[in-house]
Chemist: 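Here's a structure for you.
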There are 2 protein chains.
Amino acid sequence: MDILKSTNRKNPISRETGIKPGTGDTGTLGKGMEVLEIISSAGRPMRFTDILDRSSQPRGTLHRQMTNLVSEGLLAANADHSYELGLKLLELASSAWSSNEFRKIAEPHIRALQAETGETVHLGILKGRQIIYLDKVEGQQSVRMHSQIGNASPLYCTGVGKAALSAFPIEDVRKRLGDTEFFRFTPNTIASLDALVDELADIRRSGIAWDREEHEPGIHCVAAPVYSQHRHIAAGISATAPAFRVSRGQLAEWAPLVKNTAQQIMKEMAARLSPRT
Amino acid sequence: MDILKSTNRKNPISRETGIKPGTGDTGTLGKGMEVLEIISSAGRPMRFTDILDRSSQPRGTLHRQMTNLVSEGLLAANADHSYELGLKLLELASSAWSSNEFRKIAEPHIRALQAETGETVHLGILKGRQIIYLDKVEGQQSVRMHSQIGNASPLYCTGVGKAALSAFPIEDVRKRLGDTEFFRFTPNTIASLDALVDELADIRRSGIAWDREEHEPGIHCVAAPVYSQHRHIAAGISATAPAFRVSRGQLAEWAPLVKNTAQQIMKEMAARLSPRT
DNA sequence: AATATAATTCCACATAATGGAATACAATTT
DNA sequence: AAATTGTATTCCATTATGTGGAATTATATT
């Protein structure tokens, strides 16, 4: 009997943290997702055996799984026997994006913020131990999306990430990021959980988070937290600029605008997203 | 015994057309996809019973399905008991997009075309009876994506759609669009399969497709087909402009550029995407 | 042509999904 | 506040559905 076998029945999502206890392999669906995840994290087309090697599933099972994924359009089988993620994902994501309630509420506000600052504004939402970029409004010179919608980035080195995290008490943050490896993207990247927790205290106090070239050299931003009643949604908005064009002092001048925008979004969320109590 | 029950075993994808015979409900995975599809096509959050009504699955089954989808992040359970598509879809789609081989090949070429024409350029790929927009390079005035990446549009009223279709012989087109309803988006929309087949003949001859304000009033475009060896990939590129700013005559002047770009993409595809024969 | 490597199919078997019905929960109404 | 309706969730005996090791077929390499 296989040790790696899934227990399936009972792997409930913790409604509190939104973090899954076991790594998501809920039954048959989880097996399919494992495949998508493997290919996604590889970031390139893979052949059957490449996937088999990284997978916990036996040959036959994996193969049928992949056949099913292909027939649903979630996976695409190329002519050269490689597999890549399917177009159906784009289609579903497009719908997910345009009908997302939170994003729709935030949209006019971040657009206004973009107009006020003249710089690129991001909306990122917390998911597990990552920030997912939900929207982006660019300034004039469209440099081409380096931070693309749907992109997942770490929490500890992004303005929106730290802002979103600041909505939670210290204990939750420690639980959430307990076994996270802190990768040093730049010399300024926060390198430990303790250092992060320290900075979160400042952010909680001031309502403003910074990214001081901690993720990408030459890029910095001001951010502010946006969250719902019971942190069901935790997110952040930021105004981002290249350091050579915008000084840290100038960035600081936008802080009140960013914070104010965040508060307006929260006000509207309270009115529109919460169940009547 | 339930009549609607899936046969599962054996519902192979037709490698020729890429069209699924039965409407995708391949076993357990298909049941999950049905849910996502229902919510996607509704375009707004739905409650459990709303989904139940539109679904072919019984209560208990549907509920467990949805629980699993939530725990995989494909579905999000809101505080007010409504469900919307999950952020995991954005994450996967982001990866699908940036690692897509065909898109990567096309990217520099459509960017060059954008620079030459100064107008918005689209890359759309054929999937079933729809065009999925794979990329978009905008001109200066960013009017905001109305046609977003991942968006699915009909084949019969878009430049890229008609271009892509022109890669197939008439019989295939008739088979593919046999039971499609032709919705009149504008007075110019092609209203029947026969009329479409007629126009495809012209496109096949000239290598150029038009959208003469057939999808959105005031918007027209020139397009050209892009396809691989055995039509494994069938797509189109287009240069789009508002009619008030760019006349049809001007559009015609870009036709050779568009066609040439398409041919360059195809040349590169032949070299990079095909299995050695 | 022969060998090696990878992809796909098969099928007896048991696990994992099913689904009808009962229960818990929430929102209105009286 | 209690009753009523509507909605969401859990239960569990049953079996259909997915499993997975091994055989087969296809593709690449020598």
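This one's a predicted model, so the numbers in the text were calculated from it and none came from an experiment. Values below: every heavy atom of this structure, side chains too, minus hydrogens, waters and symmetry copies.
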Chemist: Over all heavy atoms of both residues, which pair between A:Leu52 and A:Leu62 is shortest? Give the atoms and the distance, please.
Modeler: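 For A:Leu52 and A:Leu62, the tightest heavy-atom pair comes out as CA-CD2, 3.5 Å.
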
Chemist: Taking the six-membered ring where the residue is Trp, are the ring centres of B:Phe48 and B:His81 under 6.0 Å apart?
Modeler: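 Ring-ring flag for B:Phe48/B:His81: false, centres at least 6.0 Å apart.
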
Chemist: Could you tell me how far apart B:Leu52 (CG) and D:dT9 (P) are, to the nearest whole angstrom?
Modeler: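 Distance check: B:Leu52 CG to D:dT9 P gives 12 Å.
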
Chemist: Mind grabbing the angle between the end helix axes of the helix from C:dA1-D:dT30 to C:dT30-D:dA1? Five pairs an end, 10° rounding.
Modeler: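 Angle reported: 50°, given to the nearest ten degrees.
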
Chemist: Side chains of B:Glu34 and B:Ser56: do they bring a donor and an acceptor to under 3.5 Å?
Modeler: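 A donor-acceptor contact under 3.5 Å links the two side chains.
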
Chemist: Is any side-chain nitrogen or oxygen of B:Arg64 closer than 4.0 Å to OP1 or OP2 of D:dT10?
Modeler: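 No, because none of the side-chain N or O atoms of B:Arg64 sits under 4.0 Å from OP1 or OP2 of D:dT10.
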
Chemist: Is any side-chain N or O of B:Lys31 closer than 4.0 Å to OP1 or OP2 of D:dT17?
Modeler: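 Result: no.
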
Chemist: Does A:Gln65 reach a base, just sugar-phosphate, or nothing at all? Heavy atoms under 4.0 Å.
Modeler: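 Sugar-phosphate, no base atom in range.
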
Chemist: Are any non-hydrogen side-chain atoms of B:Leu126 and B:Arg231 less than 4.5 angstrom apart?
Modeler: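 The answer is no, as the side chains (C-beta and beyond) never meet within the 4.5 Å cut-off.
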
Chemist: Taking only N/O atoms, report every protein-nucleotides 5-7 of chain C pair under 3.5 Å with atom names and distance.
Modeler:
residue : atom : partner : partner atom : Å
C:dA7   : OP1  : A:Phe48 : N            : 3.3
C:dA7   : OP2  : A:Thr49 : N            : 3.0
C:dA7   : OP2  : A:Thr49 : OG1          : 2.8
C:dA7   : O3'  : A:His81 : ND1          : 3.4

Chemist: I would like to know whether A:Arg103 and B:Glu84 meet salt bridge (charged side-chain N to carboxylate O under 4.0 Å, His left out); could you show each step before the answer?
Modeler: CA-CA 12 Å; A:Arg103 195 214 105 245; B:Glu84 49 183 335; over 6 Å; no

Chemist: Look at the side chain of A:Ser99 and the backbone N and O of A:Ser95, then say whether any donor-acceptor pair between them is shorter than 3.5 Å.
Modeler: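 Flag set: sc A:Ser99 to bb A:Ser95 pair under 3.5 Å.
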
Chemist: Check the distance between D:dG18's P and B:Leu29's CG and give it to me in whole angstrom.
Modeler: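 After rounding, the gap between these two atoms is 9 Å.
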
Chemist: Respond yes when some side-chain nitrogen or oxygen of A:Thr61 is under 4.0 Å from OP1 or OP2 of D:dG20, and no when none is.
Modeler: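 So the side-chain polar atoms of A:Thr61 do come within 4.0 Å of the phosphate oxygens OP1 or OP2 of D:dG20, strictly under.
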
Chemist: Starting at CG of A:Asn68 and ending at P of C:dA17, how long is that distance when rounded to a whole Å?
Modeler: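 Going from CG in A:Asn68 over to P in C:dA17 covers 13 Å.
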
Chemist: Under 4.0 Å from OP1 or OP2 of C:dA16: is there any side-chain N or O of B:Thr28 that close?
Modeler: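 It does not, given that no N or O in the side chain of B:Thr28 lies less than 4.0 Å from OP1 or OP2 of C:dA16.
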
Chemist: Sequence neighbours left out, what passes side chain to side chain donor-acceptor pair (under 3.5 Å) with A:Ser153? Give chain and number order.
Modeler: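 A:Ser153: no side chain to side chain donor-acceptor pair (under 3.5 Å) contacts found.
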
Chemist: How long is the straight-line distance from CZ of A:Arg204 back to NZ of A:Lys162, given to the nearest 0.5 Å?
Modeler: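 Rounded to the nearest 0.5 Å, the NZ-CZ separation comes out at 13.0 Å.
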
